[in-house]
2 protein chains.
Amino acid sequence: MTDRYHHGDLRRALIEAAVEALGETGPSALSLRAVAKRAGVSHAAPAHHFGDKAGLLTAVATEGFERLADALDRAWRTTGDFYAVGAAYVRFAIDNRPYFETMFRPELLHPDDPDLQRAEARSRAGLYRGAGDPPADGGYNPTALAAWSLVHGFAELLLAGNFPQAVADDPDAAFRAVATVTRFEVE
Amino acid sequence: MTDRYHHGDLRRALIEAAVEALGETGPSALSLRAVAKRAGVSHAAPAHHFGDKAGLLTAVATEGFERLADALDRAWRTTGDFYAVGAAYVRFAIDNRPYFETMFRPELLHPDDPDLQRAEARSRAGLYRGAGDPPADGGYNPTALAAWSLVHGFAELLLAGNFPQAVADDPDAAFRAVATVTRFEVE
DNA sequence: CGAGGAAACTTGACACTGTCAAGACGGCGG
DNA sequence: CCGCCGTCTTGACAGTGTCAAGTTTCCTCG
């Protein structure tokens, strides 16, 4: 199974190898050849399945958005609480750092990929739920924007190491404190 | 002055060339050799002044934090309004995208560089002003964290193209709307 | 059953990258 | 005028992504 010429599910294996490598090097330093070596295939094998380096990262990002959407749905379903969804967003960023770090870097992706956009839409829908009325045609819901900005900014600044040590030591508590002092007036 | 062997202020010229290039390619695709060519020097000249590719990006990020601190100070000085400082943060991200995009990518920088850390501290101080009491020793002020998260997340999501078109068309109005529905309870 | 063709993967090459060592150049103090 | 040191160049090296061509395997259809 492992040393066949036809791998079986090399696409899957490459994505997993990429996530591993991303955890060690970060998305901008990812090496396609290193991913291929990790999966035990030749250096040009990834290109066959993903076309591009950006194609591989797009596949990773797509899977990331799917997982994020799942996590947000689960949080909403089990608690019905708007803030719990936000906490789940932050948790996801911490637990799935390799995914999260590639999901919001359009310059490394194929941003127009249909699968990616579908997964993005699923995540957005899961996040917006509970933020009042959905936006009118072409418009936006300020409350939804505000909530997304808050949780996303918290996650980014946390991962980038811009917060004090105490935040990194107990991010959940820190986010709870942040959520406690923040009120969104649903209009 | 321009074609001397000793350039005069090559360091400065390289930073400016880097910012130009960053505006076109983004920080992860920046090529040192392209920067050198743009500045009209040999391909190894940047290494002499900055040691590293990360060193050059660190210099750019440092200058970015200085400029951000200036912008935040100015906003506070002229308005005395907490939300105006937030708006200035978002404006800075839009107007100085090449800087902003490199400032929060520690994996591309030398995060322990003393000059960088000084400039970061200046920005943080400018942002925290007006967010209630400064944090206790080793602790954090939840209101300051929340405000920073909100403006930073808004800026990141905007630049990454994750917001509806209407937001991109008039970001200032969108941020005003976001700030209007958000209340921070200073404790 | 066996031939043909498509799909999966490899091999080799190319231009480009960052980094390093060694050398050429230029201004400055003695 | 000499020597020296900081500034920059030249040349080389290993590693990168991508592309074209070749090889291997599987599947299907006669």
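Protein chains get the first letters and strands the later ones, always in sequence-line order, with residue 1 at the start of each.
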Write down the protein N/O and nucleotide N/O pairs, taken from nucleotides 16-20 of chain D, whose separation is under 3.5 Å; answer none if there are no such pairs.
residue	atom	partner	partner atom	Å
D/dT16	OP1	A/S31	OG	3.2
D/dG17	OP1	A/L32	N	2.6
D/dG17	OP2	A/L32	N	3.2
D/dG17	OP2	A/R33	N	3.2
D/dG17	N7	A/R33	NH1	2.5
D/dG17	O6	A/R33	NH1	3.1
D/dT18	OP1	A/D52	OD1	2.8
D/dT18	OP2	A/K53	N	3.0
D/dT18	O4	A/R33	NH1	3.4

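Look at NE2 on A/H48: it is 5 Å from P on C/dA8, rounded to the nearest Å. Between the CG atom of B/L14 and the P atom of C/dG18 there is a distance of 13 Å, rounded to whole Å. Atom CZ in A/R11 sits roughly 12 Å away from atom P in C/dC9 (whole-Å rounding). In this entry the distance linking CZ of A/R12 with P of C/dA8 reads 16 Å, nearest Å. Atom NZ of B/K37 and atom C1' of C/dA15 are 12 Å apart (whole Å). Counting to the nearest Å, the P atom of D/dG6 and the NE2 atom of B/H49 are 13 Å from each other. One can place CG of A/L10 at 19 Å from P of D/dT24, the figure rounded to the nearest angstrom.
Between A/H152 and A/F100, the ring planes lie tilted relative to each other; the angle falls in the 30° to 60° range. The aromatic rings of A/F163 and A/F154 are tilted relative to each other, their planes meeting at an angle between 30° and 60°.
In this structure, the side chain of A/N141 engages the main chain of A/A131 through a donor-acceptor pair within 3.5 Å.
At a threshold of 4.5 Å between non-hydrogen side-chain atoms, the residues A/R105 and A/L57 do not count as touching. By the 4.5 Å heavy-atom criterion applied to side chains, B/R122 and B/D70 are counted as neighbours.
A/Y83 and A/Y89 have their aromatic ring centers separated by at least 6.0 angstrom.
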